[in-house]
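The next block holds one structure in the form of structure tokens; read it before the comments.
Treat the numbers as computed from the prediction; the structure is a model and nothing was measured.
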Amino acid sequence: MTNPGQHPQTPSPSPSTTRASMPASTPVDPAVPQRQLATYDHALRAAPAWWRGALALLLLVVGFLILSIALGGIALIVDVATGAYTLDDVANGLMTLTPVTMLANNLSLAALIPVSMLIQWAIFGVRPRWLSSVEGRFRWRWLGRLALIIVPVWIVYVGASVLLSPLEPIVVDGTMIAMLAVVILTTPLQSAGEEYGARGLIQRSVGSWFSRPITAFLVGTVVSGAVFASVHFAGDPWLIAYYFVFGASMSFAARGTGGLEAPVLIHATNNVLLLVPTALMSQTDQVFERGEGAGGPFMLIPMALCVAAAVVSTWWGRRNGVTATAPLPPSRVTKQQGTPPAAMAAPVATPTQLPTTPQDPSAAPPR
């Protein structure tokens, strides 16, 4: 009872009651994998297994061969039917590069974009959108900001190269107009296809074999760069070195910016600006002359430009707050089999409630 005229006093809670009434911290379930941050080139570590990477590479090669043979065959039929060359020319290897052939070549390479995405989804269980960047999308605004630097520099470089080379007269005819249209409209897609195939699927598939990020990057860069150089069928050592340096630079740019936007922009800008003058002067077929003697020490200039573009892209990305690392992308494999230990953060057990009564010392904790 309380005395008259005195307000009732609320009894002070005991320490044990206070602890028991405190809101419980959200527990971390050890069974739920905690995803770690990863760079773009190491993102397919979300579903590591040596056979996945090997199978992805095999499917990419087979897919490209099927596409190139099919589209090349169609182009051959069209060119023969239109009189661009005869079957005897084909048998004797006297074919010339026509707009139809150029279109078939560009479309077969551009098709590597959906092919690479589907292979990643089928083999690694990672949705296609995660092939573009660590954010799961192609970041057009970032590409636009980077273009303010890359495009003007390449215009100066290509312009100087053209002015220092022998110039041919521009003959405006149907063939020239058709070739120019093919170059402008489909070369950006061709360049993007090569990046999605080489820096996207090949590099990341190889990178998935290694738990250490730096090892994954170095080995993936060497393999993707070697493949990139070999598929250009260059017979000149300087050209081979150039293609490898180009590929390695694009790998560095993809890792430093967290996606394929920078490599695609640099690749497309380089190819379009180099091919437009040759299309205007009807010299596009000379671009594919890569035999011995086609290169030389002068190739050190474009090599240095590619390396500088990769470094500047990484620096400009940091200045613009571009995301370069992110948690490993979700994967059907991860959901079904659990994230591998190398891709998990150590879970920290958090008690949900402190005991308020003594426990029986004979009761052992569950194991």
Donor-acceptor pair between Gln283 and Thr278 side chains, under 3.5 angstrom:
no
Return yes if a side-chain donor-acceptor contact under 3.5 Å exists between Asn270 and Trp154, otherwise no.
yes
What are the two closest heavy atoms between Pro152 and Ile149, and how far apart are they?
CD-O, 3.4 Å
Distance-only, no hydrogens or angles: does the Asp89 side chain make a donor-acceptor pair with backbone N or O of Thr86 under 3.5 Å?
yes
If only atom types and distance count, is the side chain of Arg199 paired as donor or acceptor with the main-chain N or O of Ser251 below 3.5 Å?
no
Test ring pair (Phe, Tyr, Trp, His ring centres under 6.0 Å) applied to Phe228 and Phe244, step by step
CA-CA 7 Å; Phe228 182 75; Phe244 181 83; 9.7 Å; no
For the pair Tyr40 and Thr325, evaluate side-chain hydrogen bond (donor to acceptor under 3.5 Å, both in side chains) and give the outcome as yes or no after the intermediate values.
CA-CA 7 Å; Tyr40 174 79; Thr325 59; over 6 Å; no
Looking only at side-chain N and O atoms, does Gln203 offer a donor or acceptor that is under 3.5 Å from a partner on Thr221?
yes
Can any side-chain N or O of Arg45 pair as donor or acceptor with the backbone N or O of Arg212 at less than 3.5 Å?
no
Distance-minimising heavy-atom pair for Ala104 and Leu71
CB-O, 3.5 Å
Going from CG on Leu57 to CD1 on Ile119, what distance comes out if it is rounded to the nearest 0.5 angstrom?
9.0 Å
How about Ser208 and Ser205: does a side-chain donor come under 3.5 Å of a side-chain acceptor?
no
Does Asp41 pair with Arg255 as a salt bridge, N-O distance under 4.0 Å?
yes
Applying side chain to side chain contact (heavy atoms under 4.5 Å, CB included) between Leu87 and each of Val80, Asn92, Leu76, report the one that passes.
Val80
Closest non-hydrogen atom pair, Asn106 against Thr187
ND2-OG1, 3.5 Å
Parallel under 30°, tilted from 30 to 60°, perpendicular over 60°: which one fits the rings of His267 and Phe246?
perpendicular
Could you check whether Ser230 and Tyr243, counting side-chain N and O atoms only, form a donor-acceptor pair closer than 3.5 Å?
no
I'd like to know if the side chain of Glu261 reaches the main chain of Arg139, judged simply by a donor and an acceptor atom lying under 3.5 Å from each other, with no hydrogens or angles considered.
yes
Please check: side-chain N/O of Ser161 versus main-chain N/O of Tyr157, any donor-acceptor pairing under 3.5 Å?
yes
Can you confirm if the NZ or CZ of Arg290 lies within 45° of the ring axis of Phe233 and under 6.0 Å from the centre of its six-membered ring?
no
Rounded to the nearest 0.5 Å, what separation is found between the CG atom of Asn320 and the CZ atom of Arg141?
11.0 Å
